[in-house]
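What follows is a single structure, written as structure tokens, with notes after it.
The sequence lines fix the lettering, A, B, ..., with proteins before strands; numbering per chain opens at 1.
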2 protein chains.
Amino acid sequence: MKTRKAPTPAPPTLLARLRQQGLRVTPQRRAILGLLSAGHGHFTAEDVYQHISPGMPDVSRTTVYSTLRDLVERGELTEVADPGAEAVRYDTNTALHHHLVCLSCHALLDIGRDFPGLRLTGKEAAGYQITRHQVTFLGYCPACLASRPAQPTGDA
Amino acid sequence: MKTRKAPTPAPPTLLARLRQQGLRVTPQRRAILGLLSAGHGHFTAEDVYQHISPGMPDVSRTTVYSTLRDLVERGELTEVADPGAEAVRYDTNTALHHHLVCLSCHALLDIGRDFPGLRLTGKEAAGYQITRHQVTFLGYCPACLASRPAQPTGDA
DNA sequence: TTCCTTGCAAACAGTTTGCAGTCAT
DNA sequence: ATGACTGCAAACTGTTTGCAAGGAA
């Protein structure tokens with residue numbers, strides 16, 4: 001999709017940022033980061049591996065895992081909390097946002113805004129230093145709703 | 001703590017509820033449910049196993065896992081979402097509440113109230129049937145704060 | 001008696017690690 | 001040239017499954 005356009009000056013990409021942190025830019029990392037930068041998605045390590053394998057037959061899962069871990073450590077990626085999920089999913093959107101998750105198929109949607117009033121009292125915080133908060137809406141996606149015997153509309 | 005008081009009529013306990021659903025009450029289940037009912041905690045399967053092993057040397061992890069799964073399926077237990085956690089943690093508090101989690105040691109605190117305004121617009125919900133929501137506050141617990149080189153107070 | 005439940009052992013999925021060769025710098 | 005990075009294979013952890021014996025109803 002990106003076929004040698006005019007020589008635009010390279011923006012301070014994820015790649016550039018990592019290079020500055022002393023990480024070496026290898027073809028594998030280039031591929032992984034390229035995928036992650038391509039759009040805001042939620043990938044599992046396996047997803048990443050499958051996506052880049054075609055164009056890079058030699059990649060190993062090991063490298064994918066280690067690169068993802070490096071990115072998380074550097075705050076360029078966050079892990080998505082999803083009970084019942086088989087594998088860890090990584091979120092390329094590190095800005096404050098929330099999620100809507102399907103309890104059945106684990107489809108994941110971003111909710112790109114924050115909600116006011118999500119603050120704990122000093123007592124509730126119990127000495128914790130809170131760095132962020134995350135709201136997860138749980139439910140059933142349209143597809144799963146269609147193939148289910150109608151969920152009760154909720155009893156609470 | 002509960003040492004044979006006056007013969008109060010047995011309340012509709014977890015145990016009773018399960019019996020009604022056709023589940024058989026075995027000593028193993030009695031032990032597991034006893035632990036879970038004892039207080040509102042957050043256990044991993046291994047935790048449960050370790051807790052009941054002393055008084056019941058024959059329990060197997062298999063039974064613990066299968067019982068926990070049954071309980072989740074029946075809505076008597078919920079899985080706690082915690083990115084970075086090694087194992088699934090089960091929450092005996094199925095009422096609407098939220099969590100405060102330590103990013104370092106994964107200590108988990110209940111926030112026993114809801115927050116107003118946590119509703120998605122129809123557009124945001126995108127056809128999902130939302131059944132519940134969950135707020136997770138992430139940060140560092142006092143203990144981890146003490147053993148860390150002072151976290152930045154937060155840049156946002 | 002019936003068949004749900006248990007526990008063992010083996011299977012599994014996701015992820016991590018040890019190590020020697022390779023490559024970015 | 002140097003040491004970070006890679007990839008293979010094996011190790012590991014948490015969890016699930018197959019199956020025969022056992023126990024609740």
Side-chain touch B/V64/B/I32, heavy atoms, less than 4.5 angstrom: yes
If you walk 5' to 3' along DNA chain D, what is the first nucleotide with an atom under 4.0 Å of a heavy atom in chain B, and what is the last? D/dG14 to D/dA25
Hey, can you pull the residues of residues 26-34 of chain B with a non-hydrogen atom under 4.0 angstrom from DNA chain C? B/T26, B/Q28, B/R29
How bent is the helix from C/dT1-D/dA25 to C/dT25-D/dA1, comparing axes over its five end pairs at each side, to the nearest 10°? 40°
Kindly check if the number of other-residue, nucleotide or ligand heavy atoms within 6.0 Å of CD (B/E86) is above 12? no
My understanding is that only residues two or more places apart in sequence, or in another chain, count here; which of them pass ring pair (Phe, Tyr, Trp, His ring centres under 6.0 Å) with A/H42? A/H99
Linked, directly or transitively: B/L96 and B/V80 (ILVMFWY side chains, under 4.5 Å): no
Rounding to a whole Å, what distance do you find between A/H106:NE2 and C/dA13:P? 17 Å
Check the orientation of A/F43 and A/H51. Use parallel for under 30°, tilted for 30 to 60°, and perpendicular for over 60°. perpendicular
Pair of N/O donor and acceptor under 3.5 Å linking C/dC23 base with A/R24 side chain: no
For A/T44, which residues count as a side chain to side chain donor-acceptor pair (under 3.5 Å) partner, sequence neighbours excluded? A/D47
Below 3.5 Å, can you tabulate the donor-acceptor pairs from side chains in residues 52-63 of chain B to any protein atom, sequence neighbours excluded?
| unit_1 | atom_1 | unit_2 | atom_2 | d |
| --- | --- | --- | --- | --- |
| B/S53 | OG | B/Y49 | O | 2.8 |
| B/S60 | OG | B/T62 | N | 3.4 |
| B/S60 | OG | B/T63 | N | 3.2 |
| B/S60 | OG | B/T63 | OG1 | 3.2 |
| B/R61 | NH1 | B/E46 | OE1 | 2.6 |
| B/R61 | NH1 | B/E46 | OE2 | 2.7 |

Partner set under ring pair (Phe, Tyr, Trp, His ring centres under 6.0 Å) for A/Y128, not counting sequence neighbours: none
I need the full list of salt bridge (charged side-chain N to carboxylate O under 4.0 Å, His left out) pairs touching residues 118-142 of chain B, with sequence neighbours left out, sorted by first then second residue. A/R113-B/E124
Donor-acceptor pair, distance only, cut-off 3.5 Å: does the side chain of B/T131 make one with the backbone of A/L138? yes
For DNA chain D, determine which residues of residues 62-85 of chain A have any heavy atom closer than 4.0 angstrom to one of its atoms, and list them numerically. A/T62, A/T63
Donor-acceptor pair, B/T92 side chain versus B/S37 backbone, under 3.5 Å? no
Could you check B/R61 against B/L23 and say which one's nearest nucleotide on DNA chain C is further toward the 5' end? B/L23
For DNA chain C, find the residues of residues 41-54 of chain B with a heavy-atom distance under 4.0 Å and give them by number; none if there aren't any. none
With clusters defined by side-chain heavy atoms of hydrophobic residues (ILVMFWY) lying less than 4.5 Å apart, directly or transitively, does A/V88 cluster with A/Y65? no
Linking I/L/V/M/F/W/Y whenever their side-chain heavy atoms sit closer than 4.5 Å, directly or via other members, would B/L35 and B/L77 fall into one cluster? yes
Salt bridge (charged side-chain N to carboxylate O under 4.0 Å, His left out): pairs with one or both residues in residues 88-111 of chain A, sequence neighbours excluded: A/D82-A/R89
For B/R19 and C/dC4, give me the distance from atom CZ to atom C1', rounded to whole Å. 15 Å
Listing request: all salt bridge (charged side-chain N to carboxylate O under 4.0 Å, His left out) pairs with a residue in residues 25-45 of chain A, at least two apart in sequence or in separate chains. A/R29-A/D70
